[in-house]
Amino acid sequence: MPGPDPSWIVLGRADDGIVAALLDGEGIEFARDRIDGELAAWVSGREAPHAPRWVWADTPAWYAPLLAAGVRVARCHDLRLSHAILRDSELVASASALRAAREWDAAPRVEEPAALPALFDISEVERPAGPPESLDAAVLEFARQRAALTQARDPARLRLLLAAESAGALIAAELRAAGLPWDAAVHDALLADVLGPRPTVGALPARMEEAAARVRDALGDPAVHLESQPQLLRALRRVGIHVESTSRWELAEHDHPAIAPLLEYKKLARLYTANGWAWLDEWVHEGRFRPVYVPAGVVTGRWASSGGGALQLPRMLRAAVRADPGWTLVVADVAQLEPRVLAGMASDERLAAAARGRDLYAGIVEGGVVSTRAEAKVALLGAMYGATTGDSGRLVPQLRRAFPRAMRLVDDAATAGERGGVVSTWLGRTSPPPSEGWTKAQGRAGDVDATDADESRARRWARDRGRFTRNFVVQGTAAEWALAWLADVRGRLAELAPVGGDAAPASGPVFSTRPHLAFYLHDEIIVHTPLAHADAVAAIVREGAARAGRLLFGDFPVDFPLDLRISPAAEKG
DNA sequence: TACTGGTGCGCG
DNA sequence: AAAGCGCGCACCAGTA
């Protein structure tokens, strides 16, 4: 194929199949190729030696089949995710063309696990609604996005955000394809230990039945259904336990023989229903847990998950995460990511100084701001979440005196939100505007005939929104830092030499010979790696955190220390 | 039968 | 019952 190496290759569908548009560094299209054979082979051929940035409507739709065929790509531009960022970003001067392209507001296409093999042939599958599929639509949208970028204030930040977001989309697809190594036997043994042996269909585990019997006995009500909140509440009140709810916080404050077994029952029931044998059957196959990650599924830019409860795995079950033979796990999380990010955003030297080293909360105590680590923690969380009462709210003023720059940043974000404005993360992701109902309520409270109820509701909603925007800037920027970390680690891992495939795990050819990301949870990653690379991977993960910090905050001296362990030595259980 | 809202609890 | 942000999922109860 003659011609220059394209900087961008847009993939999309046309009447006669899949077509690629080749764009130069200026974004000018100079050729189109119809892809007659296997898409995976064509992509693979174009990936080396000079990897283009693949432009496609929706990463899971295009990349999952490529991964299934054994092809990885280095970089992409996800049009759907980028559209959502640019459409709303405060940094974009003129987003009207993007806003008008409503077809790109489509929800992410979340596939069922059973549909994964079917996606192998993307041309044949009937799929739920997603963004446009045609090449022409993709080329047009890409042009709109480039135009929006060139007119944007601080386009460098937005370009960084789009690159990080798109890298995240690749990583989400790869995480799903690789899976988290999961030892079903360990999980089963753990369940049996806590709940009793796996019950027959229709029955409850023995430990649950026993606890339930003790509750019913203590309540003198042999028929009460413990899963029914109204029934349980009535039964509790009948024996003098006057609670407003059945949550364990409130129950724990009462002294009655029914309380202990009830709390025990709730704990067991949670494990059984959320992560019991049914979960194991549905979500773990061939030694892998494969959750569906949803990049940017949260308004702040955090990832969400759909199915499998990937982001809510109880810490207890971490014991079932086991590397394959000859492999190990590098598990790393950032200590106190959000306050560190806040220090960087606000250029708050004092907060950054307190954060230097491993424990930011200890640093705050050493600075004499508060007297205990526990106080430092609730005060800081309270400041970022908008606490006004309780221990947390009481301590916030001390924090405000000690770290005025950082606190002003979150206070300003809250004020903007209360007034109906929007706020942005460090790289330019902007919060959604207030809802129509919110705005109406604020207007109504200002009317001459407004009632007390109108006014108090408007004030409450304003404060609620203020807490949201206050937290948005911090949580969203932390998500950006994490994406930068992930993307850096991913790139560096790809440079490590593959190892012999003798002990190839069941994760497919793409991931059987190389270290790969296996899990991600807001401020934590797990890398599954051949033993030979464990130390190199640990170094990459650490360096990645430092590089992410520099990418976002340049020379500003805030560090991002990791708690890092190489499993199985110290896997938390 | 399918939905929606409320409750409760797991994670960061 | 959290106080103070962001989620997903299971279950129940009420409704269509």
**Q** Checking side chain to side chain contact (heavy atoms under 4.5 Å, CB included) for the pair A:Val292/A:Arg176: CA distance, chi angles, key distance, verdict?
**A** CA-CA 6 Å; A:Val292 178; A:Arg176 174 151 178 72; 3.7 Å; yes

**Q** What I want to find out is whether A:Glu90 reaches A:Arg157 closely enough, with some N-O distance under 4.0 Å, to be called a salt bridge.
**A**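 No.
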
**Q** As a test of reading the structure: which of C:dA1, B:dG12, C:dA13 is closest to the side chain of A:Gln475, going by heavy atoms?
**A** B:dG12

**Q** Of the options C:dA1, C:dA10, C:dA13, whose atoms approach the side-chain atoms of A:Trp249 most closely?
**A** C:dA1

**Q** Which is true for A:Val299 with a 4.0 Å heavy-atom rule: it touches a base, it touches only sugar-phosphate, or it touches nothing?
**A**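 Answer is sugar-phosphate: A:Val299 comes under 4.0 Å of backbone atoms only.
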
**Q** Taking the six-membered ring of A:Trp104 as reference, does the cationic atom of A:Arg87 (NZ for Lys, CZ for Arg) lie under 6.0 Å from its centre and within 45° of its axis?
**A**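 Output no; distance or angle outside limits.
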
**Q** Can you tell me the pairing partner of B:dG6 across any strand shown, Watson-Crick or G-U wobble, with both distances under 3.5 angstrom?
**A** C:dC11

**Q** Could you tell me whether A:Glu253 contacts a base, only the sugar-phosphate backbone, or nothing, with contacts defined as non-hydrogen atoms closer than 4.0 Å?
**A** base

**Q** Roughly how many Å apart are B:dT7 and C:dA2, using the C1' atom of each and rounding to a whole number?
**A**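 Here C:dA2 and B:dT7 have their C1' atoms 14 Å from each other.
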
**Q** Could you verify whether a donor N or O on one side chain and an acceptor N or O on the other, from A:Tyr265 and A:Glu227, lie under 3.5 Å apart?
**A** yes

**Q** Take the angle between the ring planes of A:Trp279 and A:His187 and call it parallel below 30°, perpendicular above 60°, tilted in between.
**A** tilted

**Q** When all nucleic acid strands are considered with a 4.0 Å heavy-atom cut-off, which category describes A:Arg302: base, sugar-phosphate, or nothing?
**A** base

**Q** Contact class for A:Leu521 (heavy atom, under 4.0 Å): base, sugar-phosphate, or nothing?
**A** sugar-phosphate

**Q** If you assign A:Arg270 and A:Ser245 each to the DNA chain C nucleotide with the nearest heavy atom, which residue ends up on the more 5' nucleotide?
**A** A:Ser245

**Q** Just checking A:Gly382: base, sugar-phosphate only, or nothing, at a heavy-atom cut-off of under 4.0 Å?
**A** nothing

**Q** Contact class for A:Thr389 vs. all strands (heavy atom < 4.0 Å): base, sugar-phosphate, or nothing?
**A**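 Since only primed, P, OP1 and OP2 atoms lie under 4.0 Å of A:Thr389, the category is sugar-phosphate.
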
**Q** Between C:dG8, B:dC9, C:dC5, which nucleotide gets closest to the side-chain atoms of A:Ala304?
**A** C:dG8

**Q** Look at all strands and tell whether A:Arg248 reaches a base, only sugar-phosphate, or nothing, counting heavy atoms closer than 4.0 Å.
**A**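 Touches sugar-phosphate only.
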
**Q** Just compare C:dC12, C:dC5, B:dG12 and give me whichever is closest to any side-chain atom of A:Asn471.
**A** C:dC5

**Q** Heavy atoms under 4.0 Å, any strand shown: does A:Leu337 hit a base, just sugar-phosphate, or nothing?
**A** nothing

**Q** Counting only side-chain heavy atoms from C-beta out, which of C:dG8, B:dT7, B:dC9 sits nearest to A:Gln229?
**A**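 That would be B:dT7.
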
**Q** Among C:dC9, C:dG4, C:dC12, which nucleotide sits nearest the side chain of A:Arg467?
**A**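 It is C:dG4.
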
